Amino acid sequence: MIRSGIFKIFVLLAILGCTAPKKAKLTFSKMLVEYAENPINIDKQNPRFSWIIESKERNQSQSAFQIFIATDKKLLSNQKADIWDSGKINSSETIQYEITEQVLQSNQEYFWKVVVWDSEGTHFVSPVATFETALLNKTDWKASWIGAGPVFQQLPAKGFFSDIKEQYNLPDTVVHSGKSLLLRKEIELQKQIKSARAFVTGLGFYEFYVNGKRVGDHVLAPAKTPYHKQILYDTYEIADLLKTGENVLGFHLGNGWYNPYKKWWAQYRMQWFGHKKAIGQIQIIYADDTSEIINTDETWKFSDGPIVFNCVYDGEIYDARLEQKAWSETGFDDSAWKPVTVFEKPSASLKSHTMPAIKVIQTIKPKELKPYGSSRLFDMEQNFTGWVRIKVSGEKGTKIKIRFAEDIHDDGTIDATSNENAKATAEYILKGEGIETYEPRFTYFGFKYAELSSENGSFDLQDIEGCVVHTDNKQVGFFNCDDELVNKIHRAT
């Protein structure tokens with residue numbers, strides 16, 4: 001009886017195995033447009049499409065494919081496309097298929113999928129993916145570059161000095177300001193908001209604010225480019241930050257690589273390109289499908305920011321006593337602020353920042369070393385680029401100085417030799433209001449050790465952590481060995 005029962009089970013399993021539907025031999029693990037999944041910032045009229053297919057069976061391959069692009073997801077359910085249909089293409093290629101016609105519109109959402117055929121002629125349909133365009137044409141930009149300072153700036157005819165002597169021989173008309181710059185604009189939105197796309201950037205570095213909240217998690221943005229040729233802008237969806245009624249848009253600008261101190265002109269090819277400036281174009285679609293564009297223009301206002309000195313190599317000085325509380329929120333009194341300068345459009349083209357952005361990737365809890373004098377020294381136990389974030393309390397006017405270095409002397413004091421001529425120092429002046437949090441905004445450091453000291457008073461350090469900053473490339477390979485020094489070198493690189 002037992003054997004008979006087991007036999008029946010085997011027969012039943014065999015029948016089920018024969019009648020059960022077969023799993024797809026090919027599956028789609030990624031759908032990419034310009035190497036990104038569901039991007040919202042494509043500014044190419046002819047973007048490239050890629051897909052990654054996988055199979056649990058051996059010896060599987062793609063023999064053909066067909067791409068469909070539509071403005072409505074429902075169209076793709078029937079393999080229809082109102083924008084683009086590549087037709088069936090006999091090819092095993094799965095990367096960088098480029099649209100051959102300029103069929104895309106600016107600031108538009110698109111849906112796409114791909115059908116592939118295997119070597120036996122069986123077809124497999126991908127999931128529907130999306131991509132959205134930014135501003136595809138130069139004429140789509142209606143916004144102006146705004147900032148502070150004179151409209152005229154002494155610059156070379158080509159926008160770039162071919163030789164350092166050429167720059168130094170110019171009349172010294174550069175009026176450099178180490179202060180950060182605040183820009184703001186109050187707007188009134190009368191209808192319910194469906195979507196709102198912000199296309200923004202600032203030179204040298206910028207932070208963008210909507211109703212008191214900083215937009216995005218990019219730091220040291222935009223990424224460095226040859227500014228006389230190309231400037232990168234970011235794309236953000238900000239509908240959830242806006243509201244019906246009064247709203248405030250704002251920028252906080254730093255010098256970055258765009259307008260360095262003259263000290264650095266001769267070294268590392270850091271050149272003067274002009275005053276701090278920003279450009280922003282907010283394209284709003286309301287619930288009734290009407291639209292509105294809000295630009296940076298002559299109606300914006302500016303004021304000095306709380307950073308009184310900032311330089312990529314030499315660090316920054318942040319005076320919290322100069323903060324203008326709620327400057328990017330409604331209800332703020334900006335009557336003392338001044339009208340912005342509207343600058344001429346640069347010859348450089350604006351390009352969408354489609355590569356991974358620079359971000360705070362990791363935080364490190366440091367180890368405190370034995371104190372020497374009145375300073376406190378912290379070992380991050382890893383050399384990296386970035387800065388420290390501190391939480392402190394103390395009397396108003398107390399200056400906290402943070403020095404960064406890659407090594408220490410035998411006596412335990414900080415060794416800044418590898419910094420060459422860079423001060424690599426951040427200073428924070430307390431406003432004296434409870435626990436205050438500070439981290440640099442418009443500079444960065446390569447370091448392993450951080451030294452904290454104070455002037456004009458003492459401070460209570462509540463917390464300190466190292467902020468590891470680099471391009472947000474996803475790690476795809478891993479390495480580990482018995483030598484921890486080699487492991488640390490690998491992590492650092």
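By convention here, the first residue in the shown sequence is residue 1. Everything numeric here is computed off the predicted structure, so don't read it as measured data.
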Legend entry - Heavy-atom check, side chain of Cys467 versus side chain of Glu439, under 4.5 Å: yes
Inset, instruction - Start with the C-alpha gap between Lys488 and Glu381, add the side-chain angles, then the distance that decides, and say whether salt bridge (charged side-chain N to carboxylate O under 4.0 Å, His left out) holds. - result: CA-CA 9 Å; Lys488 286 184 176 181; Glu381 301 185 285; 5.6 Å; no
Quick one: side chains of residues 354-362, donor-acceptor pairs under 3.5 Å with protein atoms, not counting sequence neighbours, listed by atom name and distance.
none

Inset, instruction - Taking the side chain as every heavy atom from C-beta outward, state whether Ile408 and Leu377 have any atom pair closer than 4.5 Å. - result: yes
Inset, instruction - Report yes if the side chains of Leu241 and Val215 come closer than 4.5 Å at any heavy-atom pair, otherwise no. - result: yes
Legend entry - Shortest non-hydrogen contact between Asp234 and Ala221, atoms and distance: OD2-CB, 4.0 Å
Inset, instruction - Find the distance between CG (Asp407) and CZ (Phe447) and round it off to the nearest 0.5 Å. - result: 14.5 Å
Legend entry - Donor on one side chain, acceptor on other, Ser347 and His228, under 3.5 Å: no
Legend entry - Min side-chain heavy-atom separation Ile53-Thr27 under 4.5 Å: no
Legend entry - Minimum-distance pair of heavy atoms, taken over all atoms of Asn383 and Gly446: OD1-C, 4.4 Å
Inset, instruction - Apply the test side-chain hydrogen bond (donor to acceptor under 3.5 Å, both in side chains) to residues Asp460 and Gln462: give CA-CA distance (whole Å), side-chain angles for both, the deciding distance (0.1 Å), then the verdict. - result: CA-CA 6 Å; Asp460 183 13; Gln462 305 288 333; 3.0 Å; yes
Inset, instruction - Side-chain contact test, heavy atoms from C-beta onward, threshold under 4.5 Å: evaluate it for Lys25 versus Asp118 and give yes or no. - result: yes
Inset, instruction - For the pair Lys431 and Glu436, evaluate salt bridge (charged side-chain N to carboxylate O under 4.0 Å, His left out) and give the outcome as yes or no after the intermediate values. - result: CA-CA 8 Å; Lys431 56 189 172 185; Glu436 304 175 36; 5.3 Å; no
Inset, instruction - Would you check, one step at a time, whether the test salt bridge (charged side-chain N to carboxylate O under 4.0 Å, His left out) holds for Arg389 with Glu465? - result: CA-CA 5 Å; Arg389 181 185 297 129; Glu465 56 186 355; 2.6 Å; yes
Legend entry - Result of checking Trp257, Phe404, Phe445 against Tyr313 for ring-ring contact (aromatic ring centres under 6.0 Å, His included): Trp257
Legend entry - Pair listing, ring pair (Phe, Tyr, Trp, His ring centres under 6.0 Å) test, anchored in residues 448-479, at least two apart: Phe479-His490
Inset, instruction - Please round to the nearest 0.5 Å and tell me the distance separating atom CD1 of Ile67 and atom OG of Ser86. - result: 5.0 Å
Inset, instruction - May I ask you to say whether Lys401 pairs ionically with Glu455, meaning some side-chain N is under 4.0 Å from a carboxylate O? - result: yes
Legend entry - Interatomic spacing from CE in Met380 to NZ in Lys365 - rounded to 0.5 Å: 9.5 Å
Inset, instruction - Assess whether side chain to side chain contact (heavy atoms under 4.5 Å, CB included) is satisfied between Ile390 and Val388, documenting all intermediate values. - result: CA-CA 6 Å; Ile390 59 173; Val388 297; 4.2 Å; yes
Inset, instruction - Might you confirm whether atom NZ of Lys448 has over 12 heavy atoms from other residues, nucleotides or ligands at distances under 6.0 Å? - result: yes
Legend entry - Heavy-atom side-chain contact between Val468 and Ile364 under 4.5 Å: yes
Inset, instruction - Show your reasoning for whether side chain to side chain contact (heavy atoms under 4.5 Å, CB included) applies to Thr201 and Ile231. - result: CA-CA 8 Å; Thr201 192; Ile231 298 168; 4.3 Å; yes
Legend entry - Aromatic ring proximity Phe131/Phe49, centre distance under 6.0 Å: yes
Inset, instruction - Decide whether Asn473 and Gln475 meet the rule of one side-chain donor and one side-chain acceptor closer than 3.5 Å. - result: no
Legend entry - Close side-chain approach of Leu242 to Ile238, heavy-atom, < 4.5 Å: yes
Inset, instruction - Have a look at Trp51 and tell me which of Phe65, Tyr97, Phe28 forms a ring-ring contact (aromatic ring centres under 6.0 Å, His included) with it. - result: Phe65
Inset, instruction - Output the distance between atom CG (Asn46) and atom CG (Leu104), rounded to the nearest 0.5 Å. - result: 7.5 Å
Legend entry - Side chains of Glu323 and Tyr318, donor plus acceptor under 3.5 Å: yes
Inset, instruction - Keeping the roles fixed (side chain from Asn259, backbone from Gly274), state whether a donor-acceptor pair exists under 3.5 Å. - result: yes
Inset, instruction - Kindly say whether the aromatic ring centers of Trp84 and Tyr110 come within a distance under 6.0 Å. - result: no
Inset, instruction - With rounding to the nearest 0.5 Å, note down the distance linking CD in Glu207 to CZ in Arg441. - result: 5.0 Å
Inset, instruction - Determine the interplanar angle of the Phe205 and Phe442 rings, folded into 0 to 90°, and report it as parallel if under 30°, tilted if 30 to 60°, perpendicular if over 60°. - result: parallel
Inset, instruction - Please say which of Glu34, Glu98, Glu93 ends up in a salt bridge (charged side-chain N to carboxylate O under 4.0 Å, His left out) with Arg48. - result: Glu34
Inset, instruction - Assess the pair Tyr236 and His218: is the distance between their ring centroids shorter than 6.0 Å? - result: yes
Legend entry - Nearest heavy atoms of Ala450 and Ile402, plus distance in Å: CB-CG2, 4.4 Å
Legend entry - Non-hydrogen side-chain atoms of Leu135 and Leu350 separated by less than 4.5 Å: no
Inset, instruction - Start with the C-alpha distance between Glu368 and Arg376, add both sets of side-chain angles, then the distance that settles salt bridge (charged side-chain N to carboxylate O under 4.0 Å, His left out), and finish with yes or no. - result: CA-CA 7 Å; Glu368 185 167 10; Arg376 298 178 67 174; 2.8 Å; yes
Legend entry - Distance-only donor-acceptor check, side chains Lys277 and Tyr258, under 3.5 Å: yes
Legend entry - salt bridge (Lys or Arg N to Asp or Glu O under 4.0 Å) partners of Glu237, counting only residues at least two apart: Arg197
Inset, instruction - To the nearest 0.5 Å, tell me how far Leu249 CG sits from Asn211 CG. - result: 7.5 Å
Inset, instruction - Verify side-chain hydrogen bond (donor to acceptor under 3.5 Å, both in side chains) between Tyr233 and Gln281, making sure each step is shown before the conclusion. - result: CA-CA 11 Å; Tyr233 68 90; Gln281 188 159 309; over 6 Å; no
Inset, instruction - Taking all non-hydrogen atoms of both residues into account, name the closest pair between Ala198 and Phe208 and its distance. - result: CB-CE2, 3.9 Å
Inset, instruction - Assess whether atom NZ of Lys213 is packed by more than 12 heavy atoms of other residues, nucleotides or ligands within 6.0 Å. - result: no
Legend entry - Crowding at CD1, Ile435 (>12 non-hydrogen neighbours, <6.0 Å): no
Legend entry - Heavy-atom closest contact (Leu76 atom, Ala70 atom, distance): CD2-CB, 3.8 Å
Legend entry - Residue pair Val114, Gln66: steps toward the side chain to side chain contact (heavy atoms under 4.5 Å, CB included) verdict: CA-CA 6 Å; Val114 60; Gln66 186 171 2; 5.9 Å; no
Inset, instruction - Write down the atom of Asn255, the atom of Gly178, and the distance for their closest heavy-atom approach. - result: ND2-CA, 3.7 Å
Inset, instruction - For Ser50 and Gln96, indicate whether the former's side chain and the latter's backbone hold a donor-acceptor pair under 3.5 Å. - result: yes
Legend entry - Tyr444, OH atom: more than 12 neighbouring heavy atoms under 6.0 Å: no
